[in-house]
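Down below is the structure, laid out as structure tokens.
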Amino acid sequence: MSMPLRVSMRIGAHLMKQKLRGNKKFPLLVELEPLFACNLKCAGCGKIQHPASVLKQRMPVEQAITAIEEANAPMVSIAGGEPLMHPQIDVITSELIKRKKFVFLCTNALLMAKKIDKFTPSPYFRWVVHIDGLRERHDESVSKEGVFDEATAAIRMAKERGFKVNTNTTFFNTDTPQAVIDVLDYLNDELEVDDMQISPGYAYEKAPDQEHFLGVTETRELFRKAFADGRRKKWRLMHTPLFLDFLEGKVDYECTAWGIPSYSLFGWQKPCYLMSDGYVPTYKELVETTEWEKYGRGKDPRCANCMAHCGYEPSAVIGTMTSLKESIRALRES
Ligand code: SF4
Ligand code: SF4
């Protein structure tokens with residue numbers, strides 16, 4: 001698996017514990033959204049459309065930590081909104097690291113230079129910088145010129161200071177296989193980020209741009225062509241080989257959105273961070289009161305084009321960790 005060995009081992013141990021306890025649904029990673037406000041206005045964003053009264057709210061540190069402790073996931077991805085706009089984001093991060101959670105702090109990087117002194121490199125911490133393409137494509141995606149240059153400068157600065165830095169790239173139906181190849185080659189070989197995460201865009205109901213999201217057939221074709229000729233193995237993609245097989249259409253899975261749940265200002269979101277069919281105060285209630293069998297492709301029309309990691313990466317991780325053959329393959333490809 002192209003994941004750091006320390007993370008893979010922790011997930012393996014977590015899965016083993018859940019099995020011994022007889023837990024059938026449990027989180028691998030929590031998407032923590034401690035605010036919805038952002039300093040950008042990307043066309044595909046489903047978060048910044050909330051009313052001003054919501055956008056000005058910030059989740060208290062104690063609330064964030066209590067939620068993560070209750071869910072007991074080994075990994076936390078802090079997103080938003082723009083997490084660096086939260087005045088206590090460094091405290092939330094360090095409290096989670098103290099509890100030995102692997103923290104991925106997702107950012108558009110515009111505030112990294114200003115805030116980086118509040119953070120310390122740690123094997124439990126990674127920056128995850130949003131880069132949707134090369135300069136013109138990324139600036140168009142975030143609807144602002146100059147952001148690509150600021151983000152890449154911030155990545156270089158963070159690496160010079162000893163931080164691990166990942167990138168997160170979302171692809172849309174305006175992207176060609178060559179565009180995917182060009183940006184991943186750049187991030188892998190020139191910028192030399194530690195690992196890259198990729199995702200097909202999901203059509204949030206609230207997103208202003210509904211035209212440019214990928215359907216399942218288009219997603220499979222895009223990734224099959226982009227991954228061809230051994231490129232997939234060359235890139236440091238932080239996904240299981242099975243999830244990449246899934247993106248290419250070589251395997252298919254049921255949605256297991258309980259594995260990457262979302263906790264925001266409203267509570268635990270049903271059934272996943274892409275849709276909002278209600279909120280509950282605890283992860284336990286999320287698991288017990290969500291009708292999971294009603295979600296996934298072929299079940300709910302809103303899921304028809306979804307191949308997002310929050311629904312399908314847990315399926316791939318569990319498929320990897322519960323198969324000796326796939327575990328060996330994941331280690332070989334890492
Ligand atoms: S940077 Fe992220 S949170 Fe901010 S507008 Fe863009 S997609 Fe939304
Ligand atoms: S398929 Fe799963 S992850 Fe995707 S939108 Fe539906 S419930 Fe959410």
Side-chain angles (χ1 to χ4, degrees), residues 25 27-29 31-50 54-55 77-86 89 105-112 128-133 138-144 147-148 150-151 154 167-170 172 199-209 212-216 219 243 246-247 252-262 264-265 268-278 286 290-316:
K25 294 187 174 66
L28 295 170
L29 177 146
E31 297 271 0
L32 176 66
E33 298 177 331
L35 79 172
F36 292 123
C38 189
N39 45 5
L40 283 176
K41 288 186 182 139
C42 305
C45 181
K47 306 290 172 181
I48 53 173
Q49 309 303 322
H50 289 292
V54 172
L55 292 179
S77 171
I78 308 180
E82 170 50 54
L84 291 179
M85 288 172 67
H86 190 298
I89 198 64
L105 183 48
C106 305
T107 175
N108 59 35
L110 294 182
L111 289 170
M112 269 174 78
V128 180
V129 177
H130 169 194
I131 298 270
D132 276 350
H138 182 66
D139 286 354
E140 186 193 340
S141 168
V142 300
S143 311
K144 192 174 176 195
V147 175
F148 177 85
E150 282 196 55
T167 47
N168 185 16
T169 306
T170 304
F172 297 89
S199 181
Y202 174 84
Y204 285 97
E205 285 164 316
K206 287 193 173 72
D209 178 0
H212 295 127
F213 295 99
L214 286 161
V216 169
T219 300
F243 181 69
F246 169 76
L247 290 181
D252 205 0
Y253 288 116
E254 293 280 304
C255 167
T256 47
W258 42 261
I260 302 191
S262 167
S264 72
L265 291 163
W268 293 93
Q269 186 166 339
K270 292 180 169 194
C272 65
Y273 81 91
L274 302 169
M275 298 205 290
S276 30
D277 286 355
L286 177 78
T290 305
E291 294 180 273
W292 299 103
E293 64 288 353
K294 290 194 172 166
Y295 295 103
R297 275 182 282 119
K299 297 174 183 170
D300 185 313
R302 296 169 298 171
C303 299
N305 287 325
C306 178
M307 293 183 78
H309 80 289
C310 62
Y312 298 97
E313 181 94 64
S315 322

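A quick note: this is a predicted structure, and the numbers were derived from the prediction, not measured. All values below were derived from every heavy atom in this structure, side-chain atoms included, with hydrogens, water molecules and symmetry-related copies excluded. Note that ligands are numbered from 1 as they come in the structure, with each ligand's atoms numbered from 1 the same way.
Numbered from 1 in the order shown, with element, the atoms of ligand 2 that lie under 4.0 Å from a heavy atom of C272 read 3 (S), 5 (S), 7 (S), 8 (Fe). Near G311, with a cut-off below 4.0 Å to any heavy atom, the atoms of ligand 2 are 3 (S). Shown in contact with Y295 at under 4.0 Å from a heavy atom are these atoms of ligand 2, numbered in order with element: 7 (S). Listed by number with element, the atoms of ligand 2 under 4.0 Å from a non-hydrogen atom of C310 are 3 (S). Near N108, with a cut-off below 4.0 Å to any heavy atom, the atoms of ligand 1 are 1 (S). Those atoms of ligand 2 with a heavy atom of P271 less than 4.0 angstrom away are 7 (S). Less than 4.0 angstrom separates some heavy atom of G81 from each of these atoms of ligand 1: 3 (S).
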> Is there a side-chain contact (heavy atoms from CB on, under 4.5 Å) between N108 and C38 once you walk through the steps?
Replying inline: CA-CA 9 Å; N108 59 35; C38 189; 3.6 Å; yes
>> H130 vs H138, test: side-chain contact (heavy atoms from CB on, under 4.5 Å). Steps then yes/no.
In response: CA-CA 9 Å; H130 169 194; H138 182 66; 4.1 Å; yes
> Would Y312 and C255 count as a side-chain contact (heavy atoms from CB on, under 4.5 Å) if you check the C-alpha gap in whole Å, the side-chain angles of each, and the deciding distance to 0.1 Å?
Replying inline: CA-CA 5 Å; Y312 298 97; C255 167; 3.8 Å; yes
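Comment: E150 does not engage K144 in a salt bridge, judged by the lack of any side-chain N to carboxylate O separation of less than 4.0 angstrom. Salt-bridge formation is detected for the pair R302/D277: a Lys NZ or Arg NE/NH1/NH2 atom is positioned less than 4.0 Å from an Asp or Glu carboxylate oxygen. Look at K47 and E33 and you find a salt bridge, because one of the NZ, NE, NH1 or NH2 atoms lies within 4.0 Å of a carboxylate O, short of that distance.
At a cut-off of 3.5 Å, with distance as the only test, no side-chain donor of S199 or T170 sits close to an acceptor on the other residue. Side-chain contact, E82 with T107: a donor N or O sits under 3.5 Å from an acceptor N or O.
Heavy-atom distances between A308 and ligand 2 stay at or above 4.0 Å for every pair. Residue contact annotation: L40 has a non-hydrogen atom under 4.0 Å from ligand 1. Under a 4.0 angstrom heavy-atom cut-off, Y273 registers as lying outside contact with ligand 2.
Between the side chain of D139 and the backbone N or O of V147 there is at least one donor-acceptor pair closer than 3.5 Å.
With respect to atom 6 (Fe) of ligand 1, the closest heavy atom belonging to the protein is C42 SG, 2.3 Å. Of the protein's non-hydrogen atoms, the one nearest atom 2 (Fe) of ligand 1 is H130 ND1, 4.2 Å.
Across P83, C45, C38, heavy-atom proximity to atom 4 (Fe) of ligand 1 is greatest for C38.
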